[in-house]
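Reading through the structure tokens given below for one structure.
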2 protein chains.
Amino acid sequence: MERTRATPKPAQGGPAGPRVTRDAVLDTAMRLVMETGTEGLSMRKLAAELGVAVTSIYWHVGNREALIDELVERVLQDMGTIRVTGRTPVTRIVSIAQANRRMILDRPHLISLVRERGLESLMMLPARRALVREFAAAGVHGARAALAVQAVQFQVAGFVMLERALTGHPQEPAQVQAWLAEVAEGDPELADNLHTPGAPDALFDVAVRSMVESLLRED
Amino acid sequence: MERTRATPKPAQGGPAGPRVTRDAVLDTAMRLVMETGTEGLSMRKLAAELGVAVTSIYWHVGNREALIDELVERVLQDMGTIRVTGRTPVTRIVSIAQANRRMILDRPHLISLVRERGLESLMMLPARRALVREFAAAGVHGARAALAVQAVQFQVAGFVMLERALTGHPQEPAQVQAWLAEVAEGDPELADNLHTPGAPDALFDVAVRSMVESLLRED
DNA sequence: ACCTGAACACCGTTCAAGT
DNA sequence: ACCTGAACACCGTTCAAGT
């Protein structure tokens with residue numbers, strides 16, 4: 001919305017241009033976020049990376065919050081649109097959910113940014129549009145459509161935010177290991193598949209498909 | 001596991017006891033987390049609150065990470081057990097999911113702690129145990145049971161982590177407001193119910209129930 | 001218009017020293 | 001056993017001052 005300063009075209013033969021531009025600041029900031037997440041982005045590191053005093057960053061972008069806002073907007077531009085495939089309502093809607101999940105998983109920095117600012121709803125917008133359209137085509141309208149769309153999107157967003165957290169943790173407190181082992185005693189096949197993250201793709205597919213089928217069933 | 005120091009009983013008439021005990025540190029830390037979340041818990045504020053030098057905290061609990069670990073363990077103790085109600089497999093399993101969600105929502109500090117340390121799996125353990133039992137009683141075992149349990153728990157955890165993020169944000173960037181308005185044009189009833197968080201309880205119920213029904217259906 | 005250093009108020013953590 | 005102050009290496013942010 002309100003950029004702090006406009007970035008002028010770099011003048012060629014005129015007076016020496018600025019040492020950094022607003023765009024350069026944002027580019028470097030985005031690179032830092034992609035490399036180390038939001039918690040690895042500090043105003044001072046950013047300034048050092050650009051070879052400039054910290055205070056210069058403030059002149060270009062305002063403050064850290066405004067900087068993150070700008071990064072969020074950039075990533076949103078990059079989200080693209082949802083491709084819907086399939087011919088039955090169920091497969092088409094499931095394909096939207098899958099594309100939504102893929103889009104987010106392919107952009108880990110998006111999760112980091114969105115978490116920091118509590119903007120989870122933003123990353124669901126393109127898919128939301130597509131879901132509204134598909135449910136309408138399947139004859140679901142009004143309050144029932146709202147419920148269906150939200151149910152699918154909660155599923156997608158929750159799945160994405162969790163599968164990274166629930167799968168990637170090698171060292172858990174010892175007590176937890178013991179509890180986990182105890183949960184499935186007597187069914188070793190269950191135990192194996194319960195602890196290994198397994199195939200999140202298959203899990204996601206089953207979960208979403210079963211829910212969509214129920215949502216589309218007349219009651 | 002390995003507590004940094006043991007907390008002795010406060011001696012009555014003997015030599016003057018310690019100015020703070022390990023338990024007092026943990027109590028105050030927990031209070032700070034409940035009031036302001038993990039990001040409001042700093043070693044220095046904690047020391048000030050206890051009327052003691054910062055370095056004293058370090059002697060009692062090691063460092064901030066160990067302190068948080070200890071708080072997590074405390075909250076886990078407090079999680080209690082899952083009450084299963086209902087007579088059909090579907091209602092019993094849905095009741096577990098609902099109790100799981102309630103337990104977490106009733107403990108906002110649990111979410112804060114678990115997020116900071118990436119221990120999402122911990123808060124799912126009691127319900128996991130109950131789910132394994134109920135799916136087994138319904139004749140679901142082995143890999144299929146693992147899939148079913150994980151599907152339900154991803155649903156629960158995702159729902160909980162999201163419903164706070166997706167519902168509570170009054171001021172979103174202006175561009176988002178515009179997008180939201182555009183998504184549901186032509187169906188005002190849909191628009192209303194899509195933007196208002198509405199009834200997350202009902203939404204959760206529909207989502208979980210429909211998924212459990214599918215998971216229990218023979219294929 | 002653009003950049004600087006100094007300064008303020010915060011962090012977590014270590015260490016040597018006190019009793 | 002328990003606590004202290006000093007110190008280090010970090011933060012975000014403001015401000016007056018330079019060109």
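The chains referred to below are lettered A, B, ... by the order of the sequence lines, with proteins before strands, and numbering in each begins at 1.
- For Lys45(A), the side-chain atoms get nearest to dC11(D) when compared with the rest of dC3(D), dC11(D), dG12(C).
- Distance CZ (Arg64(B)) to C1' (dC11(D)): 14 Å, rounded to an integer number of Å.
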Footprint string (nucleotides 14-19 of chain C, 5' to 3'): B base within contact, S backbone only, - free, heavy atoms under 4.0 Å: BB----
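- Stem list for DNA chain C (at least 3 consecutive Watson-Crick or G-U pairs, distances under 3.5 Å): C:4-8 with D:12-16, C:12-16 with D:4-8.
- Between the CG atom of Leu46(A) and the CE atom of Met30(A) there is a distance of 12.5 Å, given to the nearest 0.5 Å.
- Remark: P of dA1(D) and CZ of Arg22(B) are 15 Å apart, rounded to the nearest angstrom.
- Summarising the geometry, the separation between CG on Leu32(A) and C1' on dG12(D) is reported as 16 Å, rounded to the nearest angstrom.
- Contacts of Leu67(A) with the nucleic acid, taken as non-hydrogen atoms under 4.0 Å apart, are absent.
- Closest to the Ala53(B) side chain, of the nucleotides dT4(D), dG12(D), dC3(D), is dT4(D).
- To the nearest 0.5 Å, atoms CG (Leu105(B)) and CZ (Phe204(B)) are separated by 8.5 Å.
- Taking only side-chain nitrogens and oxygens, His60(B) comes nearer than 4.0 Å to OP1 or OP2 of dC3(D).
- Looking only at side-chain heavy atoms (C-beta outward), Leu215(B) and Val152(B) come within less than 4.5 Å of each other.
- Rounding to the nearest 0.5 Å places CE of Met161(B) at 7.0 Å from CE of Met161(A).
- Toward the 5' end of DNA chain D, the nearer of the two residues Val54(A) and Gly51(B), judged by each one's closest nucleotide, is Gly51(B).
- Side-chain N/O atoms of Ser56(B) include none lying less than 4.0 angstrom from OP1 or OP2 on dC2(D).
- Summarising the geometry, atom NE2 belonging to His60(A) is positioned 12.5 Å from atom CG belonging to Leu67(A); distances are rounded to the nearest 0.5 Å.
- The interatomic distance linking Asp23(A) (CG) with dC2(C) (P) rounds to 13 Å, in whole Å.
- Of the listed nucleotides (dG12(D), dA1(D), dC3(C)), dC3(C) has the atom at the smallest distance from the side chain of Trp59(A).
- Side chains of Met103(B) and Leu110(B) form a contact here, defined as non-hydrogen atoms less than 4.5 Å apart.
- Ion pairing of Asp106(A) with Arg102(A) is present here, as a side-chain N (NZ or NE/NH1/NH2) and a carboxylate O approach within less than 4.0 Å.
- Distances shorter than 4.0 Å separate some side-chain N or O of Arg19(A) from OP1 or OP2 on dT4(C).
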Stepwise side-chain contact (heavy atoms from CB on, under 4.5 Å) check, Ile57(B) with Arg44(B): CA-CA 9 Å; Ile57(B) 306 290; Arg44(B) 298 179 113 106; over 6 Å; no
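- To the nearest angstrom, C1' of dC11(D) lies 14 Å from CG of Leu46(A).
- Distance, Ile68(B) CD1 to dC11(C) P: 14 Å, rounded to whole Å.
- Between the CD1 atom of Ile57(A) and the P atom of dG5(C) there is a distance of 13 Å, rounded to whole Å.
- Listed here is the closest heavy atom pair of Ser95(B) and Arg83(B): OG-O, 4.3 Å.
- Going from atom CZ of Arg44(A) over to atom P of dC8(D) covers 17 Å, rounded to whole Å.
- Residue Thr36(B) holds its OG1 atom at 9.5 Å from CZ of Arg31(B), rounded to the nearest 0.5 Å.
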